[in-house]
Amino acid sequence: ANGVKLNAVNTGFVDKGYDFGSDKVHPLKAPKVVLLTGEGISPYGAGEVWHFFEQQIDYPVSLVNVNDAGRLNWSTVDVLIMPSGSYRFLTEKAALEQFKDWINKGGRVVALENAVAALARAELGIKAKKAEDGDKKDDKTVNYDVLKKFEDRERDYIPNSTPGALFRVDLDNTHPLAYGYPSTYYTLKLDENMYEFFKEGGWNVGVIKKDNQVSGFVGSKLKEKLKDGLIFGVQSMGNGSISYFTDNVLFRNFWENGKLLFCNAVFLVGQ
């Protein structure tokens, strides 16, 4: 069906790498994948993932309304994909504990864009990067900077925004998440969200360092924030893991270079 040509081999020995049948070669389990949709979930984000599975790689994915997450039979799920959106069940103690228990027992999460922010607020491990404080002023000093003119509202917005810009991401391509990539990746930055490097319990697979903007417009104030932060990471939790994509690697399903990253998260990480 995919036009793959098969070639016979006469031996299990190889010229380079690990021989066939060695303990370094193991089969991959075909995971049962669930995609959360519904209220609070970006229809674009969920649609991109659904289209990718159904139309591009022809792999089964089950769509579950996020409001039913508390009633989900977690034992039937291997990989849970969380598109950009808000997740109320993460604020409910019982549902959150059930979710964490599933991960600890081997469940794997793939979180995209604002789903990463939701997991950060739930204190699952990843932390949003805070803006660097300037010189602290006397608490008694009145800040007249908040007194802005209505006619300047668009001009005041621009320095803190980006309609989309390309940044070079430094990749750790020894990690399964970045398998098949060189040491760099180009990400489309559409927001200001940045996250702290993992100090322990996780892997900083893709990071933006200083002066990594390649093209596109970034407001002068926002540019100072978009540096030295985590873009792609994997956090271990018990026998499971969470793969974080803080930027959209499936943007409108034409961002071809991100599709292997996404597949690595679904099919390789934690296997």
Side-chain angles (χ1 to χ4, degrees), residues 1-7 26-38 40-66 68-69 72 76-85 87 107-116 118-119 164-169 171-173 175-191 193 205-206 214 216 231-234 240-271:
N2 294 297
V4 177
K5 181 181 178 182
L6 300 180
N7 295 290
H26 61 275
L28 297 178
K29 176 186 176 183
K32 296 176 182 177
V33 182
V34 164
L35 169 65
L36 292 180
T37 62
I41 307 302
S42 164
Y44 300 106
E48 287 163 351
V49 175
W50 187 9
H51 180 274
F52 181 70
F53 275 102
E54 188 176 80
Q55 299 296 322
Q56 298 195 25
I57 64 173
D58 191 23
Y59 191 86
V61 59
S62 299
L63 275 61
V64 173
N65 192 296
V66 68
D68 296 326
L72 189 62
T76 64
V77 183
D78 296 314
V79 176
L80 181 75
I81 299 176
M82 301 174 67
S84 186
Y87 290 85
R108 291 180 285 141
V109 177
V110 179
L112 301 158
E113 300 182 275
N114 284 336
V116 178
L119 292 171
L166 287 181
F167 280 78
R168 185 178 68 253
V169 176
L171 285 181
D172 172 10
N173 59 6
H175 192 281
L177 184 65
Y179 172 77
Y181 283 89
S183 59
T184 56
Y185 170 87
Y186 293 92
T187 189
L188 181 62
K189 207 82 184 75
L190 295 168
D191 56 37
N193 294 334
V205 182
V214 176
I231 299 297
F232 308 134
V234 176
S241 65
I242 304 176
S243 296
Y244 297 103
F245 292 117
T246 68
D247 288 341
N248 190 348
V249 293
L250 296 178
F251 183 68
R252 298 181 182 175
N253 271 310
F254 74 76
W255 201 255
E256 297 292 337
N257 200 30
K259 293 177 180 178
L260 179 58
L261 273 172
F262 183 79
C263 285
N264 288 345
V266 174
F267 298 107
L268 277 187
V269 174
Q271 282 268 34

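Here the structure is a predicted model, which means the values were calculated and not measured.
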For the residue pair [X] and [Y], what are the closest heavy atoms and their distance?
{"X": "Val34", "Y": "Val61", "result": "C-CG2, 4.5 Å"}
{"X": "Asp247", "Y": "Thr187", "result": "OD2-OG1, 2.8 Å"}
{"X": "Ala118", "Y": "Gly85", "result": "CB-O, 4.4 Å"}
{"X": "Ser42", "Y": "Gly45", "result": "OG-N, 3.0 Å"}
{"X": "Val266", "Y": "Arg108", "result": "O-NH1, 2.9 Å"}
{"X": "Ser241", "Y": "Val269", "result": "OG-CG1, 3.9 Å"}

Checking Asn264 side chain against Tyr179 main chain: does a donor-acceptor pair fall under 3.5 Å?
->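 At least one qualifying donor-acceptor pair exists.
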Residues which pass salt bridge (Lys or Arg N to Asp or Glu O under 4.0 Å) with Lys32, listed by chain and number, not counting sequence neighbours =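 For Lys32 there are no salt bridge (Lys or Arg N to Asp or Glu O under 4.0 Å) partners, ignoring immediate neighbours.
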Would you say the side chain of [Y] lies within less than 4.5 Å of the side chain of [X], judging by non-hydrogen atoms?
{"X": "Asn114", "Y": "Asn193", "value": "yes"}
{"X": "Lys259", "Y": "Asn253", "value": "yes"}
{"X": "Ile41", "Y": "Tyr87", "value": "yes"}
{"X": "Pro182", "Y": "Leu171", "value": "no"}
{"X": "Asn257", "Y": "Tyr181", "value": "yes"}
{"X": "Tyr44", "Y": "Asn248", "value": "no"}
{"X": "Ile231", "Y": "Lys189", "value": "yes"}
{"X": "Leu112", "Y": "Val249", "value": "yes"}

Straight-line distance of [X] [atom1] to [Y] [atom2], nearest 0.5 Å:
{"X": "His26", "Y": "Leu28", "atom1": "NE2", "atom2": "CG", "result": "5.5 Å"}
{"X": "Phe53", "Y": "Asp58", "atom1": "CZ", "atom2": "CG", "result": "11.5 Å"}
{"X": "Asp191", "Y": "Thr246", "atom1": "CG", "atom2": "OG1", "result": "7.5 Å"}
{"X": "Ile81", "Y": "Leu36", "atom1": "CD1", "atom2": "CG", "result": "9.0 Å"}
{"X": "Asp78", "Y": "Gln271", "atom1": "CG", "atom2": "CD", "result": "8.0 Å"}
{"X": "His175", "Y": "Ser243", "atom1": "NE2", "atom2": "OG", "result": "7.5 Å"}

Pairing residues for Tyr59 by the ring-ring contact (aromatic ring centres under 6.0 Å, His included) criterion, not counting sequence neighbours =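 For Tyr59, the residues satisfying ring-ring contact (aromatic ring centres under 6.0 Å, His included) (neighbours in sequence not counted) are Phe267.
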So which of Phe251, Phe232, Tyr185, Trp255 actually passes ring-ring contact (aromatic ring centres under 6.0 Å, His included) with Phe245?
->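 With Phe245 as partner, Phe251, Phe232, Tyr185, Trp255 yield a single ring-ring contact (aromatic ring centres under 6.0 Å, His included), made by Phe232.
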